[in-house]
> 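Following this message is one structure expressed as structure tokens.
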Amino acid sequence: MPITQLPPQLVNQIAAGEVVERPASVLKELLENSLDAGATRIDVDVEEGGIKLCRVRDNGSGIPANEMPLALSRHATSKIATLEDLEQVASLGFRGEALPSIASVSRLTLISKRRGDDKGWSLQGDGSDAADAPVPAATAEGTAVEVRDLFYNTPARRRFLRTARTEYAHVDKVARQIALSRSSVAFRLNHNGKAVLNLPAADSPELEEQRISAILGKEFMAHALYMEHEHNGLMVRGWVARPTFSRSQPDLQHFFINGRAVRDKVIVSAVRQAYRDVLFHGRHPAYVLYLDMDPALVDVNAHPSKHEVRFRDSRPVHDFVRRSVESALADTRPAAGEAYSAPAQVFAAEPQSPAYQSGLGLPATGAGMQGRPGATGVSNDLQGLAQLAAADGAVLPDSDAEIPPLGFAVAQLHGVYVLARNAAGLVIVDMHAAHERVTYEKLKAAMLGSEEDGSAGLQRQPLLIPVRVNVAEAEADLAEQRASDLQNVGLVIDRSGPDQLTIREVPVLLGNADAEALLRDVLSDMAENDNSTRVEDARMELLSTMACHGSIRANRALTIPEMNALLRDMEATERSDQCNHGRPTWTQLSMQDLDRLFARGR
């Protein structure tokens, strides 16, 4: 076959294979054009999942009549003119391929009216270069693009479409994503004549949150934390869901760079690492985040569908997003940021009872109380009551003193849960999960502190009697190879035989832990995390494992002062609303909740 020039319509149909996969692809391109035109209101109508009809109407700037044929021709655009423009694209659509490609595989009608003009114009498109001249049309200011019978002239492509229900699911996803990207734009979506979304423009934080609730559901917003950070030309804001609202799929992850929805591996990795300490393996966080940066530092032309971007330097962006999300998650603790006043004497007297085991290393004065307002003194009238309360296990009676967020312990249930009374009602704490988080954060702080002051790893204490552990020869080899890594997390191990290890030092913070069990679990983690795993991830996994061994076990009886000390530690510890694996550490039952349980007031 000789080499020939392809006809324009066939060229556009080939290009359509890149930008028009299904009705949702059409909707995305049309919506981006509306936003680039400065629209403040967009109305979308689809029928049969967008296969029969996809119409987008906006109140944007409109297109002059003489430019309408150009809008339906290839490589024609108003958004870039030079290579310099391409290197710092600020608009959403810019290739000049979408409309002619869509027109080549559908029955497309373009209707537009410039602001201030006395009439509008209409034009039919079929993807060819021989477009008819536009004709006058009665229409409101702005642009309407109507796409009917998608792939009617390319039967092979049409056969790849799914059912109308499936195609509509993709359309709905795109519509919600675009609506999320610009809260300042009023947005309406109808499917088969029925209203699906009707979102007014949001010009305040409260209205923006209402809009996000309408798009993603009230449950997301009920568990979301607002964050906003700026550093070195980068600014990120948005909402991250608490770890207890994790998902089995990454279906509630929305990230926008300069208003463009992207699915970028650098950003996904940054957010995943920020959630590393607070999620079950295999669970996914939920978030809506907006990153603003210099357009010249990000290449949005890396993929035909523009879903992916390429950063000029990805490391600073990755670190900034990770630290910003980590900072927001650090405040997931009881009543974070709220000061309270509590009598220190409540925790002063430790009852001596043969029923209790040895101490936990939790100070009876309540760790985390130092430096809090009102924590160092009470009236003489309250001192006796406070000592009585600590001595007989009762909670302080109501007084003028402020009650801490988690209140005061009243009992322990089945050796697993701590029950406490606070101002709202009943607090239930999973004591192992809570203490595991507290211990883990202390280990991390100690590790980071040692790195800052130049010392090597966690502080260690020698064992009075070294512990010999029989292991598999492969485990002994691994311990010998990774001796420096073990030392950095506070374990000094010697190989005392082909299949034997000797533990000589352990971390000071885990002095009461079972050293043999601790070593076995650490070696198991090391074997699972091979050299391809990031060093930081592997190190945090080891600290998490060690924290588990240094935490309260089930059926461990606690004294009232120990319980109260744990509550105070939780209030002072970052991320203490959940354990290292993402499980909640405590829950609150208000008096209203309790009244409902017992049908009081009915």
> Please report the closest heavy-atom contact between Ser25 and Val20, naming both atoms and the distance.
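Between these two residues, the closest heavy atoms are CB-CA, 3.9 Å.
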> Identify whether the distance between the nearest side-chain nitrogen and carboxylate oxygen of Asp264 and Arg310 falls below 4.0 Å.
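Salt bridge absent between Asp264 and Arg310.
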> Any side-chain heavy atom of Thr143 sitting closer than 4.5 Å to one from Ile111?
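SC-SC contact between Thr143 and Ile111 ruled out.
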> Between Arg57 and Thr139, is any pair of side-chain heavy atoms under 4.5 Å apart?
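Sidechains of Thr139 and Arg57: no contact.
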> In this structure, which one of Asn59, Ile178, Ile42 forms a side chain to side chain contact (heavy atoms under 4.5 Å, CB included) with Val185?
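Considering Asn59, Ile178, Ile42, a side chain to side chain contact (heavy atoms under 4.5 Å, CB included) with Val185 is found only for Ile42.
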> Identify the two heavy atoms, one from Ser34 and one from Asp58, that lie closest to each other, and give their separation to 0.1 Å.
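Taking Ser34 first and Asp58 second, the nearest heavy atoms are OG-OD2, 2.7 Å.
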> Would you please test Thr109 and Ser122 for side chain to side chain contact (heavy atoms under 4.5 Å, CB included) and show each step?
CA-CA 7 Å; Thr109 302; Ser122 175; 3.7 Å; yes
> As a test of understanding, state which of Arg283, His284, Gln578 forms a side chain to side chain donor-acceptor pair (under 3.5 Å) with Ser246.
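Filter result, single survivor: Arg283.
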> Where do Asp149 and Arg158 come nearest, in terms of heavy atoms and distance?
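It is C-NH1, 4.0 Å.
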> Is there a salt bridge (Lys or Arg N to Asp or Glu O under 4.0 Å) between Glu441 and Arg575 once you walk through the steps?
CA-CA 8 Å; Glu441 293 297 331; Arg575 305 173 186 85; 3.4 Å; yes
> Does either side chain, that of Thr166 or that of Thr163, offer a donor lying less than 3.5 Å from an acceptor on the other one?
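Yes - a donor-acceptor pair under 3.5 Å links their side chains.
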> Under a 3.5 Å threshold, yes or no: a donor from one side chain and an acceptor from the other, between Tyr226 and Glu228?
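There is such a pair between these side chains.
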> Indicate yes or no: at least one non-hydrogen side-chain atom of Arg41 is less than 4.5 angstrom from one of Arg188.
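Heavy-atom side-chain distance check fails, nothing below 4.5 Å.
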> Ignoring hydrogens, what is the shortest heavy-atom contact between Arg437 and Cys579? Give both atom names and the distance.
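So the minimum-distance heavy-atom pair works out to NH2-O, 3.1 Å.
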> Are Asp45 and Asn190 linked by a side-chain donor-acceptor pair shorter than 3.5 Å?
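Distance-only check passes for Asp45 and Asn190.
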> Do side-chain atoms of Ser112 reach the backbone of Ile63 as a donor and acceptor pair under 3.5 angstrom?
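Such a contact is found between Ser112 side chain and Ile63 backbone.
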> Would you give the length of the straight line joining atom NZ of Lys28 to atom SG of Cys54, rounded to the nearest 0.5 angstrom?
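Interatomic distance, Lys28 NZ to Cys54 SG, rounded to 0.5 Å: 13.0 Å.
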> If you measure from CH2 on Trp239 to CG on Leu216, what distance do you get to the nearest 0.5 Å?
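It comes to 10.5 Å.
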> Strictly below 4.0 Å, N to O, side chains only: are Arg114 and Glu141 in salt-bridge contact?
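Result for this pair is no, no salt bridge flagged.
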> Quick check: closest heavy atoms across Pro134 and Met68, and the distance to 0.1 Å?
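Minimum heavy-atom contact is CB-SD, 4.3 Å.
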> Quick check for you: to the nearest 0.5 Å, what is the distance between Asn580 atom CG and Leu279 atom CG?
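Answer for the CG-CG pair, Asn580 versus Leu279, is 11.5 Å.
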> Determine, stepwise, if the pair Leu53 / Glu48 fulfils side chain to side chain contact (heavy atoms under 4.5 Å, CB included).
CA-CA 7 Å; Leu53 170 68; Glu48 295 182 11; over 6 Å; no
> Give a yes-or-no answer on whether the side chains of Arg107 and Gln124 include a donor-acceptor pair shorter than 3.5 Å.
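The criterion, which ignores hydrogens and geometry beyond distance, is not satisfied for Gln124 and Arg107.
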> Salt bridge or not for Arg211 and Glu208, using N-O below 4.0 Å?
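No.
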> Is any side-chain heavy atom of Val278 closer than 4.5 Å to one of Pro285?
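Result no, sub-4.5 Å side-chain heavy-atom pair not found.
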> Quick check: are there more than 12 heavy atoms from other residues, nucleotides or ligands sitting under 6.0 Å from CZ of Arg162?
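At most 12 heavy atoms, drawn from other residues, nucleotides or ligands, come within 6.0 Å of this atom.
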> If I compare all heavy atoms of Asn153 with all of Val105, which pair ends up nearest, and what's the gap?
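The answer is OD1-CA, 3.4 Å.
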> Just wondering, do Val271 and Tyr287 contact through their side chains at under 4.5 Å, heavy atoms?
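In contact.
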> Between atom CD of Glu167 and atom CG of Leu27, what is the distance when rounded to the nearest 0.5 Å?
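Nearest 0.5 Å value for the CD-CG distance: 12.0 Å.
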> Run the numbers on Leu291 and Met293 for side chain to side chain contact (heavy atoms under 4.5 Å, CB included), then give the verdict.
CA-CA 7 Å; Leu291 175 66; Met293 61 184 299; 4.1 Å; yes
> Taking the side chain as everything from C-beta on, heavy atoms only, tell me whether Arg176 gets closer than 4.5 Å to Leu197.
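In short, these two side chains touch, coming nearer than 4.5 Å.
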> As a quick check of understanding, evaluate side chain to side chain donor-acceptor pair (under 3.5 Å) for His318 and Ser269, giving each step before the final call.
CA-CA 8 Å; His318 179 283; Ser269 170; 3.3 Å; yes
> Relative to Tyr440, does Lys444 satisfy both conditions: NZ or CZ under 6.0 angstrom from the six-membered ring centre, and within 45 degrees of the ring's axis?
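Yes, a cation-pi geometry holds between Lys444 and Tyr440.
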> Atom OG of Ser327 and atom NE2 of His229: how far apart are they, to the nearest 0.5 Å?
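Output value for this atom pair is 4.0 Å.
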> What's the separation between atom CD1 in Ile51 and atom CZ in Phe151, rounded to the nearest 0.5 Å?
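Separation between the atoms: 9.5 Å.
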> How about Asp593 and Ser590: do any of their side-chain heavy atoms sit closer than 4.5 Å?
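Yes; the side chains approach each other to less than 4.5 Å.
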> So does Arg237 pair up with Asp292, basic N to acidic O under 4.0 Å?
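Looking at Asp292 together with Arg237, the answer is no, because their closest N to O distance does not fall below 4.0 Å.
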> Measure from the side-chain N and O atoms of His254 to the backbone N and O of Leu180, and report whether any donor-acceptor pair falls under 3.5 Å.
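Judged by distance alone, no pair lies under 3.5 Å.
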> Could you go through the side chain to side chain contact (heavy atoms under 4.5 Å, CB included) check for Leu329 and Val325 one step at a time?
CA-CA 6 Å; Leu329 295 175; Val325 176; 4.0 Å; yes
> Under 4.0 Å between a Lys/Arg side-chain N and an Asp/Glu carboxylate O for Asp577 and Arg242?
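Salt bridge between Asp577 and Arg242, a charged N being under 4.0 Å from a carboxylate O: yes.
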> Salt bridge or not between Arg55 and Glu146? Use side-chain N to carboxylate O under 4.0 Å.
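Salt bridge present between Arg55 and Glu146.
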> Does the side chain of Val262 come within less than 4.5 Å of Phe256's, by heavy atoms?
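Counting from C-beta outward, Phe256 and Val262 never come under 4.5 Å.
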